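Shown next, in structure tokens, is the structure this report addresses.
As the structure is a prediction and not an experimental result, all values here were calculated from the model. Numbering of ligands and ligand atoms starts at 1, following listing order.
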Amino acid sequence: MATYKAPVDDMMFLFEKLRDNSNYNSLEKYKEVNSDLAKDILEQAAKLTETLILPLAKVGDETPAKLENGVVRTPPGYKEAYKKFIDDGWVSLSCDPEYGGQGMPKTISSFFDEMLSAASLSFKLYSELSIGAYNCILHHGNDSIKKKFLPNMVKGTWSGTMCLTEPVCGTDLGLLKTKAIEQSDGTYKLTGQKIFITSGDQDLTENIIHLVLARTPDAPSGTKGISLFLVPKVQVKDDGSLGSRNGVSTNSIESKMGIKGSATCVLNFDEASGYIIGKKNKGLSSMFTMMNLERIVVGIQGLGISEIAYQNALNYSKERKQGKSNNNNTKNGADLIIDHADIRRSLLNMKSIIEGERALSFWLAQQTEVSLHHKDDKIKEEASDLVSLMTPVVKSLFTDMGMEITSDAMQIFGGYGYTKDQGIEQFYRDNRITPIYEGTNSVQAIDLVFRKLVNKDKDIIGRYVKLIQEEIKKNKNQIKIKPLAEKLEEYLKITINFTKWIKDKMKNSKDDVSAACNDYLKVLGLIALSHSWLKVLDISYKELNNNKIFFEDKIETANFFFNRVLPRIESHYKSAISGSKYIMNFKFN
Ligand SMILES: Cc1cc2nc3c(=O)[nH]c(=O)nc-3n(C[C@H](O)[C@H](O)[C@H](O)COP(=O)(O)OP(=O)(O)OC[C@H]3O[C@@H](n4cnc5c(N)ncnc54)[C@H](O)[C@@H]3O)c2cc1C
């Protein structure tokens with residue numbers, strides 16, 4: 001079975017040394033959240049994920065969630081683990097204390113998200129969407145809805161879902177058909193079918209709170225006519241107690257390539273009672289509150305699965321002996337595969353991407369908290385702009401890299417990786433959904449380029465580039481970091497040229513832009529990872545004598561990243577600026 005050790009040391013390094021955002025540090029709300037508290041939480045989280053959650057991954061894969069007489073049964077052991085999970089308050093980690101939450105910042109909860117994703121993504125998904133639904137209700141629900149539904153969701157005795165997809169509408173939500181008819185008391189009756197609904201039903205909680213996109217009969221067509229509704233599985237009386245079953249039933253659950261322990265449901269809504277959330281016809285923008293935060297969390301899923309895949313590949317490479325390395329140290333006929341240059345390259349590729357991603361997501365967690373809680377509206381807006389720029393990048397880059405890393409980890413195991421015994425091929429299968437759900441990665445790239453890059457009244461990308469230029473300038477004065485800072489400068493220039501090329505093509509050559517989106521996202525992602533690595537390098541040289549092993553490891557890994565991973569930018573750029581003529585003129589026969 002796969003093993004996992006939560007990377008608490010690396011997380012604590014980031015928490016202690018890279019909490020460099022003065023706007024974040026000025027947030028009154030998190031004044032008490034110091035290193036001791038962070039360490040305590042992360043150590044407990046590590047124990048939970050390494051011992052209780054990790055075994056559930058294999059169980060869920062071998063005994064998937066199933067539908068029995070209209071009721072979804074989660075895999076063996078999930079019920080007991082979920083009870084402990086909620087009893088110990090893990091669902092509520094980042095929720096508002098007003099509703100019973102523990103009020104921890106994303107600088108901590110995102111580390112927990114990573115650990116849970118690594119240990120068992122299937123198990124994680126049963127509570128993940130609850131937090132998404134909680135955030136959406138918190139921001140857009142009225143007071144009586146919040147009071148009625150949030151406390152039990154925060155406790156984890158009720159869960160949440162996100163119901164967007166229908167048989168004919170996935171990416172293009174403008175096509176959705178589910179109907180909502182207003183009743184005389186102001187509630188609505190919803191009728192329609194939703195497919196692919198994560199945790200659409202399960203046997204872990206007393207109630208499930210579905211957030212459903214639907215149309216009222218008078219709604220305009222397309223995305224402008226979509227409203228958001230809260231539809232409980234079991235009706236909730238005014239005193240908060242549970243009433244009768246609502247008109248929501250599980251038609252079937254999907255048989256899937258991975259995350260088999262997670263129940264992905266087809267839900268039928270048959271005149272189900274619901275409440276409108278936010279304004280009529282503005283449902284999509286309310287749902288985006290949930291989707292944007294969720295997209296970052298999906299990126300972190302890719303990071304978590306990458307980490308466990310890397311750890312297992314590293315361990316295996318230190319045990320498996322095959323062939324002779326170039327060092328001629330061979331004893332007993334063969335060397336450990338970790339002695340082969342190509343295996344070392346592959347491991348360092350994984351490690352340098354993973355640690356860069358963790359530092360980037362920690363930076364983003366600080367920006368997200370500022371965007372949500374800072375007192376100054378201008379600072380809030382500036383942080384929110386950076387979060388919106390980086391959300392599609394983190395979602396897509398981390399999950400695509402997750403595919404590369406889980407595939408490479410399997411390769412290191414050779415045939416033992418492809419067969420089931422070691423649990424390695426499951427990482428690849430489990431991760432494969434992450435580039436698809438929460439908006440496919442191509443759609444994220446389109447969002448980045450067509451919406452975030454080209455912004456009428458703001459130059460968000462220009463501000464982001466400036467931030468990186470400042471970091472480069474600072475580090476160019478340090479003799480040891482200078483060569484790497486200059487490398488980043490060189491690739492940043494390519495990125496600036498790429499951005500100009502896109503803005504120019506946007507005027508009259510949209511196919512060229514569409515065909516370049518994925519490459520642009522990768523380029524910006526690699527720049528963002530290098531930005532994080534530069535900050536890590538700066539600290540590492542300053543702290544070298546305090547912990548030589550840890551910081552030398554960081555410096556060497558950064559060197560690998562700048563020399564071996566960052567140059568990918570050039571090929572993305574060159575390929576993209578060849579335009580779309582070889583693409584759009586081709587006739588598929
Ligand atoms: C396991 C699982 C769990 C899920 N959980 C949920 C959930 O909880 N709630 C929920 O509502 N949905 C959920 N989904 C649905 C998921 O979000 C969708 O599958 C996803 O958004 C893509 O929609 P689609 O499958 O209809 O693909 P389509 O939208 O049909 O896309 C097909 C292909 O076309 C591409 N494409 C589409 N439009 C464009 C465009 N404009 N430009 C370029 N390329 C384009 C896409 O990138 C994709 O490659 C889940 C799906 C799965 C498999």
Side-chain angles (χ1 to χ4, degrees), residues 60-61 64-65 72 117 121-122 124-133 136 159-178 192-202 208-214 222-223 226 228-229 231 248 250 252-267 269 283-284 287-288 290-295 297-298 301 305 392 395-396 399-400 403 429-451 510-521 580 583-584:
D61 197 51
V72 171
S117 306
L121 179 54
S122 287
K124 179 184 199 295
L125 287 169
Y126 287 106
S127 59
E128 180 169 313
L129 276 303
S130 300
I131 299 305
C136 187
S159 67
T161 73
M162 176 169 138
C163 302
L164 291 75
T165 309
E166 297 181 7
V168 293
C169 110
T171 301
D172 188 356
L173 291 169
L175 299 173
L176 74 80
K177 288 192 165 56
T178 299
Q193 189 175 66
K194 295 286 176 182
I195 63 165
F196 296 154
I197 304 308
T198 299
S199 318
D201 193 25
Q202 30 76 6
I208 304 177
I209 310 306
H210 303 289
L211 289 185
V212 187
L213 290 182
T223 50
I226 298 175
L228 176 64
F229 299 89
V231 181
V248 190
T250 307
S252 57
I253 60 176
E254 305 294 347
S255 168
K256 308 191 293 293
M257 170 187 187
I259 55 163
K260 295 182 183 197
S262 163
T264 309
C265 303
V266 174
L267 293 183
F269 291 82
L284 208 49
M287 190 61 121
F288 262 104
M290 179 168 178
M291 275 152 62
N292 280 332
L293 293 171
E294 192 54 32
R295 282 175 178 174
V297 177
V298 172
Q301 292 175 5
I305 298 178
K395 195 277 174 179
S396 297
T399 57
D400 280 346
M403 289 323 304
R429 288 187 289 106
D430 280 357
N431 192 68
R432 190 60 189 89
I433 186 58
T434 62
I436 295 175
Y437 60 15
E438 263 327 309
T440 64
N441 283 3
S442 295
V443 171
Q444 302 297 325
I446 292 168
D447 173 51
L448 171 70
V449 169
F450 282 92
R451 290 185 53 230
K510 289 227 164 74
D511 277 338
D512 282 353
V513 180
S514 295
C517 287
N518 265 306
D519 284 304
Y520 187 82
L521 186 142
S580 63
I583 298 171
M584 297 315 283

For this session: Take atom CE of Met257 as the centre, draw a 6.0 Å sphere, and report whether it contains more than 12 heavy atoms from other residues, nucleotides or ligands.
Result: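 Enclosed: over 12 neighbouring heavy atoms sit under 6.0 Å from CE of Met257.
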Exercise. Counting only heavy atoms not in Arg429, do more than 12 fall under 6.0 Å of its CZ?
Worked result: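 Counting neighbours around CZ of Arg429, more than 12 heavy atoms of other residues, nucleotides or ligands fall under 6.0 Å, so yes.
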For [X], the ligand 1 atoms whose distance to one of its heavy atoms is below 4.0 Å:
| X | result |
| --- | --- |
| Thr264 | 1 (C), 2 (C), 3 (C) |
| Ile436 | 20 (C) |
| Thr198 | 3 (C), 4 (C), 5 (N), 6 (C), 7 (C), 8 (O) |
| Met162 | 7 (C), 8 (O), 9 (N), 10 (C), 11 (O) |
| Ile433 | 1 (C), 2 (C), 52 (C), 53 (C) |
| Lys256 | 1 (C) |
| Glu438 | 17 (O) |

Between the candidates [options], which shows the shortest non-hydrogen contact distance to [atom]?
| atom | options | answer |
| --- | --- | --- |
| atom 24 (P) of ligand 1 | Cys169, Gly170, Gly258 | Gly170 |
| atom 45 (C) of ligand 1 | Val443, Asn518, Leu211 | Val443 |
| atom 11 (O) of ligand 1 | Leu164, Leu175, Thr171, Leu173 | Leu164 |

Exercise. Hey, are the side chains of Ile253 and Pro64 touching, using non-hydrogen atoms and a 4.5 Å cut-off?
Worked result: no
Exercise. Quick one: are Leu121 and Ser262 in side-chain contact, heavy atoms under 4.5 Å?
Worked result: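 With C-beta onward as the side chain, the pair stays apart.
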Problem set entry | Close N or O approach (Tyr437, ligand 1; < 3.5 Å) | no
Problem set entry | Geometric N/O contact Asp172 with ligand 1, under 3.5 angstrom |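 N/O-N/O distance under 3.5 Å: no.
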Residue, atom name and distance, where the atom is the protein heavy atom closest to [atom]:
| atom | answer |
| --- | --- |
| atom 10 (C) of ligand 1 | Thr165 OG1, 3.3 Å |
| atom 19 (O) of ligand 1 | Phe196 CD1, 3.9 Å |
| atom 44 (N) of ligand 1 | Ile446 CD1, 4.5 Å |
| atom 35 (C) of ligand 1 | Thr440 OG1, 4.8 Å |

Exercise. Between Phe269 and Cys163, which heavy-atom pair has the shortest distance, and what is it?
Worked result: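 Here Phe269 and Cys163 meet closest at CZ-SG, 4.1 Å.
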For this session: Show your working on side-chain contact (heavy atoms from CB on, under 4.5 Å) between Ile433 and Thr264 and close with a plain yes or no.
Result: CA-CA 12 Å; Ile433 186 58; Thr264 309; over 6 Å; no
